[in-house]
Amino acid sequence: MIETVFHFDVVVVGAGHAGCEAATAAARMGANTCLVTMDMNKIAQMSCNPAIGGIAKGQIVREVDALGGHTAEVTDATAIQFRMLNRSKGPAMWSPRAQCDRAKFIEAWRHVVENTDNLSIWQDEVAEVIAENGEVKGVTTVWGAELRARAVVITAGTFLNGLMHVGRRRVPGGRCAEPAATHLTASLQRLGLRSGRMKTGTPVRIDKRSVHLDEMAEQPGETDFHRFSYISPLRPLPQLPCWTVETNTAVHDALREGLADSPLFNGQIQSIGPRYCPSIETKIVTFPERDHHPLFLEPEGTNTNELYLNGFSSSLPMHVQLAALKQMPCFRDVKVYRPGYAIEYDFFDPTQLDHALHAKEVRGLFLAGQVNGTTGYEEAAGQGLIAGINAALFCDGQAPFTLQRDEAYIGVLIDDLVTKGVDEPYRMFTSRAEYRILLRQDNADARLTPYALRYGLASAERKARFQRKKDDIARLIHFCREFRLKADRINPFLSALGTSPLTGGCKLIDLINRPQVTLHNLAEEIGDLQALIEAMGIDREETVEAAEIEMKYAGYIARERALAEKMQRLEDIKIRGHFTYNDITQLSTEARQKLTSINPETLAQASRIPGVSPSDISVLLVLMGR
């Protein structure tokens, strides 16, 4: 029985990382938005590790920031350790990662949500998505509220029929001590959406006071200018270390003794788990020849003794987890707050969505985050932002916003999901992006902030700093192209760096291409360059780094841009609605089935569908020509 009716433009279901980005984006674009959560005290909860970023994930967070999202700013405000991963490789592989204070992260995100204009919060569980004639009309809740809306964004994470496992014990829930959402999956199925089951897991939480930290290797963070947001101040919280240790054969033996009671190996769990973040018991079974695996002990905050044991995800019985831990000398006296557990949950086949994350068969319905079969806070945040923008655009009758594969990791992520689907929890890697030289973490603002400006998601401060940085980079590159050096002037400097001396004069930009030479060490020799750098604004260090990368890797960047533009020709060929694929006998049977099921928008998207061969694309090209 419906007791109360509220009216909105957009309703976002779930206040995790996807939901918070979706709700704040839609609201800031002018849509009257409601964010529905079962617990206002768990907004943007870090359900697993207390960290943001990592390989490719850090690039996504930088992109979310460039588009006007909030995850990066919240991360910087609550970071207790920062590291730039892959610094030994080229800048296309550099990936920021930060440990965060879990409690302060929630507090910071809640402050953002509660202070966003046009955004309301409703604490409740959604029971039903209301739709009429294939179009969303709102949602109803278990407490009898009806939230009418023109667009609904589902970001329910692991809560849809969530079931937690520790050994042979099973408890319904979306997270430890939090109830599952038991109605929404059936509602979406009644609308025609196909669902499946996936599995993920989390490790034991450890009491710091019981650990012999002096017997572990300490891992400090970095304190240079790097951060996640393009407009954040430097990190305000104390910076804390992490610690590393390795398992041993005694640990593995203790784990093997419990495998008969492991829900992963006794048939209790049938759903698909993440390939790239396996449980410790999966590691010892998959790699029996390995006698050790690395573990990382990570702080949960500045004012807590709770530690997260990264690399020790497990759903083995509680006593087995404890016995195995105590086989490591540093954990011989270990005390834990709770064991690790596995969780199964419902997801929906993302090939049922278009590139705007809009359901193909239900107008006004958008899905984002783990409900689309992904893992990770970062992948969720990127999807949520795109879904929120598109929900607001849908309400306003505007064309959808989509990102191409050569524009953003978020574009790669969404294209992979809606084109290829998922047969296991999806995790982003740099290797998934064919244009990763273009999609660096340093230039996400140059790539995407113009979109934030277009959609009203960039603050006045972001706009001013973006324009200043853009102008400073251009001035710096122009100076290096025009400033000429004489050999006798610069050769002593080059010899000191161990690089070949010049035989004649050259432009400054020619020296920048040498690996030993940087703009900063050149500035120590060239007063005009030093003066130009010192005249830059508060983003000086980031500006200099971005300009240097643009110059050092100009050839690679130009070559990859040419490849992207060549592929763009296929992206420009629209094919949706042009063919009845089952009638094209020249296509393979698999291609006809896949093309009919996914109904790609462009020829380029069709070319990326598994089972569609180059010869099938040639057939479609010929038919398009006709």
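When the shell of 6.0 Å around CZ of Arg275 is examined, it contains 12 or fewer heavy atoms from other residues, nucleotides or ligands. In Tyr337, the OH atom is crowded: over 12 heavy atoms of neighbouring residues, nucleotides or ligands sit closer than 6.0 Å.
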### Task
For side chain to side chain donor-acceptor pair (under 3.5 Å), just list the numbers for Gln383 and Asn372, CA-CA rounded to whole Å, side-chain angles, deciding distance to a tenth of an Å, and then say yes or no.
CA-CA 9 Å; Gln383 292 175 72; Asn372 289 338; 2.9 Å; yes
### Task
Test side-chain contact (heavy atoms from CB on, under 4.5 Å) on Met38 and Gln123 and set out the steps.
CA-CA 5 Å; Met38 291 195 290; Gln123 184 167 299; 5.9 Å; no
### Task
Take Ile60 and Met428, measure what side-chain contact (heavy atoms from CB on, under 4.5 Å) needs, and give me the verdict at the end.
CA-CA 9 Å; Ile60 290 176; Met428 178 54 73; 3.9 Å; yes
### Task
Begin from the C-alpha positions of Met551 and Ile477 and carry the test side-chain contact (heavy atoms from CB on, under 4.5 Å) through to its verdict.
CA-CA 7 Å; Met551 289 186 280; Ile477 294 175; 4.0 Å; yes
### Query
Would Thr202 and Arg205 count as a side chain to side chain donor-acceptor pair (under 3.5 Å) if you check the C-alpha gap in whole Å, the side-chain angles of each, and the deciding distance to 0.1 Å?
CA-CA 9 Å; Thr202 192; Arg205 303 305 198 271; 3.0 Å; yes
### Task
Before giving the answer on side-chain contact (heavy atoms from CB on, under 4.5 Å), spell out for Glu434 and Met567 the whole-Å C-alpha distance, their side-chain angles and the decisive distance to 0.1 Å.
CA-CA 11 Å; Glu434 61 270 44; Met567 181 54 70; over 6 Å; no
### Message
Using salt bridge (charged side-chain N to carboxylate O under 4.0 Å, His left out), reason through Glu107 and Lys42 one step at a time and then give a plain yes or no.
### Response
CA-CA 9 Å; Glu107 181 182 342; Lys42 298 290 178 65; over 6 Å; no
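Glu541 approaches His520 most closely through the heavy-atom pair OE1-NE2, 3.0 Å. The two residues Ile280 and Gly311 have their closest heavy-atom pair at CD1-O, 3.9 Å. For the pair Ala523 and Ile533, the tightest heavy-atom approach, listed with the atom from each and the gap, is CB-CD1, 4.0 Å. Closest non-hydrogen pair, Tyr345 versus Thr158, comes out as CB-O, 3.3 Å. Closest heavy-atom contact between Val10 and Ala31: CG2-CB, 4.0 Å. Between Glu407 and Leu439 the shortest heavy-atom distance is C-CD2, 3.4 Å.
Between Asp76 and Ser229, the side chains place no donor N or O within less than 3.5 Å of an acceptor N or O (distance only, hydrogens not considered). There is no side-chain donor-acceptor pair under 3.5 Å between Gln404 and Asp406. Side chains of Ser95 and Gln59: a donor on one and an acceptor on the other come within 3.5 Å. When only modelled atom types and interatomic distance are considered, Lys104 and Thr302 share a side-chain donor-acceptor pair under 3.5 Å. At a cut-off of 3.5 Å, with distance as the only test, no side-chain donor of Gln370 or Thr375 sits close to an acceptor on the other residue.
Here the side chain of Arg227 pairs a donor or acceptor atom with the backbone of Ser232 at under 3.5 angstrom. A donor-acceptor distance shorter than 3.5 angstrom exists from the side chain of Gln239 to the backbone of Ala79, with no hydrogens or angles considered. Between the Thr78 side chain and the Asp101 main chain, no donor and acceptor come within less than 3.5 Å of each other. For Tyr341 (side chain) and Cys176 (main-chain N/O), a donor-acceptor pair under 3.5 Å exists by modelled atom type. At distances below 3.5 Å, at least one donor-acceptor pair connects side-chain atoms of Thr449 with backbone N or O atoms of Ala66. Listed for the Tyr230 side chain is a donor-acceptor partner under 3.5 Å among the backbone atoms of Ala444. Between the Thr155 side chain and the Ala18 main chain, no donor and acceptor come within less than 3.5 Å of each other. Between the side chain of Arg110 and the backbone N or O of Ala44, no donor-acceptor pair lies under 3.5 Å. Without hydrogens or angle criteria, Thr116 side chain to Leu119 main chain gives no donor-acceptor distance under 3.5 Å. Between the side chain of Ser88 and the backbone N or O of Asn86 there is no donor-acceptor pair closer than 3.5 Å.
Arg432 forms a cation-pi arrangement with Tyr426, by the criterion of a distance under 6.0 Å to the ring centre and an angle within 45° of the ring axis. Annotation: cation-pi pair Arg405/Tyr435 absent, no NZ/CZ under 6.0 Å from the ring centroid and within 45° of its normal. Because its NZ or CZ atom is not both nearer than 6.0 Å to the ring centre of Trp94 and within 45° of the ring axis, Arg440 does not count as a cation-pi partner of that residue.
A salt bridge does not link Arg559 to Glu565: none of the charged side-chain nitrogens sits closer than 4.0 Å to a carboxylate oxygen. Ion pairing between a basic and an acidic side chain is recognised when a charged N comes within 4.0 Å of a carboxylate O; Glu73 and Arg462 show such pairing. With respect to the salt-bridge test (charged N to carboxylate O, under 4.0 angstrom), the residues Glu306 and Lys208 do not qualify. Under a 4.0 Å N-O distance rule, the pair Asp471/Arg475 does not qualify as a salt bridge. A salt bridge does not link Arg83 with Glu222: every distance from a Lys NZ or Arg NE/NH1/NH2 to an Asp or Glu carboxylate oxygen is 4.0 Å or more. With respect to Arg465 and Asp539, a salt bridge is recorded, a charged nitrogen being found less than 4.0 Å from a carboxylate O.
Using a 4.5 Å heavy-atom threshold, the side chains of Leu417 and Thr419 count as separate. You'll find the side chain of Leu295 stays beyond 4.5 Å of the side chain of Thr244, heavy atoms only. Residues Asp207 and Val336 fail the side-chain proximity criterion, which asks for heavy atoms closer than 4.5 Å. Cys20 is listed as a side-chain neighbour of Ile43, based on a closest heavy-atom distance under 4.5 Å. When side chains are defined from C-beta on, Leu240 does not count as touching Gln99, because their heavy atoms never get closer than 4.5 Å. Residues Leu457 and Ile389 have side chains in contact (heavy-atom distance under 4.5 Å, counting atoms from C-beta outward). Two residues are said to be in side-chain contact when any heavy atoms from C-beta on lie closer than 4.5 Å; Leu67 and Ile410 meet this criterion. For the pair Thr71 and Tyr377, the minimum side-chain heavy-atom distance is 4.5 Å or more.
Interatomic distance, CD1 of Ile106 versus CE of Met40, reported as 12.5 Å (0.5 Å rounding). In this structure, the separation between CD on Gln81 and OG1 on Thr223 is 11.0 Å, given to the nearest 0.5 Å. Note: Lys552 NZ to Asn513 CG = 7.0 Å, rounded to the nearest 0.5 Å. Taking NE2 of His226 as the start and CZ of Arg62 as the end, the distance is 7.5 Å to the nearest 0.5 Å. Taking CD1 of Ile80 as the reference point, atom CG of Asn303 lies at 10.0 Å (rounded to 0.5 Å). Note that CG of Leu476 and NZ of Lys469 are 12.0 Å apart. Values are rounded to the nearest 0.5 Å.
Listed by chain and number, the residues in a side-chain hydrogen bond (donor to acceptor under 3.5 Å, both in side chains) with Arg608 are Asp415, Glu571 (sequence neighbours excluded).
Between Tyr451 and Phe401, the gap from one ring centroid to the other is short of 6.0 Å. Taking the six-membered ring for Trp and the full ring otherwise, Phe296 and Tyr308 have centroids separated by 6.0 Å or more.
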